[in-house]
Amino acid sequence: MPELPEVETTRRDLEVRVRGRRIVEVCFDQSGVSPARGLGPLELADALRGRSFERLSRRGKYLIAHLDGGDALVFHRRMTGNLIHRRPTDPPDPFTRATIALDDGSELRWTDMRRFGTWDLTSDPENAVPGIGPEPLSDEWTVDDLGAALAGRTAPIKAVLLDQRRIAGLGNIYADESLHLAGIHPERAAGSLSRDEIERLHRTIREVLALAIDLQGSSAQHHVGGLGQRGSMQDEWRAYHRTGEPCRTCGTAIARTRVAGRGTHFCPRCQPATSTASAG
DNA sequence: CTTATTCCCTGATTGC
DNA sequence: TGCAATCAGGGAATAA
């Protein structure tokens, strides 16, 4: 599913291709459902027609398309959303819910099998995502910041990693992967992590996100990049979606449980429930 | 303020 | 083989 690396992949792919392009028309499928809360398909098309893209930015899992005039169209791909740049003559993409025609004859196709994705038109792009936590790949995000986000919390560490108010952009895949690399059990109380564990986790979060961006994201399920290409990070998964398969570090079968309502994968040996001893 | 639960959606998978 | 139940999960809403 699209997490920070998948959204960043799309941003990089599309930025150069939509910059300066004017929206000629926006067409939605026949469902009558708009991905924009509070705006129907026709209203949304009216609001976007004639506007130009200035740049694309990202905040956590949100893709922000800055428009001329100072406002922005904010996309969230949720589970199955993709934004793909195509020519009209390219073969159809399955589950295309909307098409944005551009003034150079190309188009952006919004595909979203499960229709969870959202568009949000805002006049205040700087505050497009209120309450969201720090960007984990930013130079300004320190070990101390992570420590402060975890301090005193009794919730499982994985639940805190998934909480977008604490850290922006981690989802189920990269939470599991970061914890495996750090050797930390996903059900450990967040506030119980030692300084050494917090340092390891800070490092592995950044490592796994950076690698995933290099590999253009994980495409085991639905994600494709802005040109329709698959990523290859799924080949590097060490925990996520590997139930019963051998841990790449120690060979122990990867276990599966449920944390914060999400399927959770970990190595019972490398990620012990109690120890603070090293791993990763 | 906190943590836990439900719901949205639809194709894939599982169970009988 | 067929059909129903379950599963996948980000985040908003709701509950406690």
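- As a whole-Å value, the separation of A/Arg256 CZ from B/dT13 C1' is 13 Å.
- For the pair A/Arg97 and A/Arg166, both in contact range of DNA chain B, the more 5′-proximal nearest nucleotide belongs to A/Arg166.
- Using cut-offs of 30° and 60° on the angle between ring planes, the pair A/Trp237 and A/Tyr240 is perpendicular.
- Within 4.0 Å (heavy atoms only), A/Gly263 reaches sugar-phosphate atoms of the nucleic acid but no base atom.
- At least one donor-acceptor pair closer than 3.5 Å links the side chain of A/Arg206 to the backbone N or O of A/Pro136.
- Atom CZ of A/Arg114 is separated from atom P of B/dC8 by 13 Å (rounded to the nearest Å).
- At a threshold of 4.0 angstrom between heavy atoms, the contacts of A/Tyr240 are confined to the sugar-phosphate backbone, with no base atom among them.
- Side chains of A/Leu102 and A/Phe53 form a contact here, defined as non-hydrogen atoms less than 4.5 Å apart.
- We find that CD1 of A/Ile132 is positioned 9 Å from P of C/dA12, with the value rounded to whole Å.
- In this structure, A/Lys61 atom NZ and C/dG10 atom C1' are separated by 6 Å, rounded to whole Å.
- Close to B/dC9, at under 4.0 Å from its OP1 or OP2, lies no side-chain N or O of A/Arg78.
- Between A/His76 and C/dG11 there is a side-chain polar atom (N or O) within less than 4.0 angstrom of OP1 or OP2.
- Between A/Gln164 and C/dG11, a side-chain N or O to OP1/OP2 separation shorter than 4.0 Å is present.
- Remark: P of C/dA8 and NE2 of A/His265 are 8 Å apart, rounded to the nearest angstrom.
- A distance of 6.0 Å or more separates the ring centres of A/Trp110 and A/Phe95.
- Checking the phosphate oxygens (OP1, OP2) of B/dT10, a side-chain nitrogen or oxygen of A/Arg115 falls inside 4.0 Å.
- If you measure from atom CZ of A/Arg77 to atom P of C/dG10, you get 13 Å, rounded to the nearest angstrom.
- Among the heavy atoms of the strands lying under 4.0 Å from A/Met79 is at least one base atom, whether or not backbone atoms are also near.
- Distance A/Leu162 CG to B/dT2 P: 16 Å, rounded to the nearest Å.
- With A/Glu54 contributing its side chain and A/His66 its backbone, the two residues share no donor-acceptor pair below 3.5 Å.
- One atom, CZ of A/Arg258, and another, P of C/dC7, lie 7 Å apart when rounded to the nearest Å.
- Residue order along DNA chain B, read from the 5' end via each residue's closest nucleotide, puts A/Arg165 first among A/Gly261 and A/Arg165.
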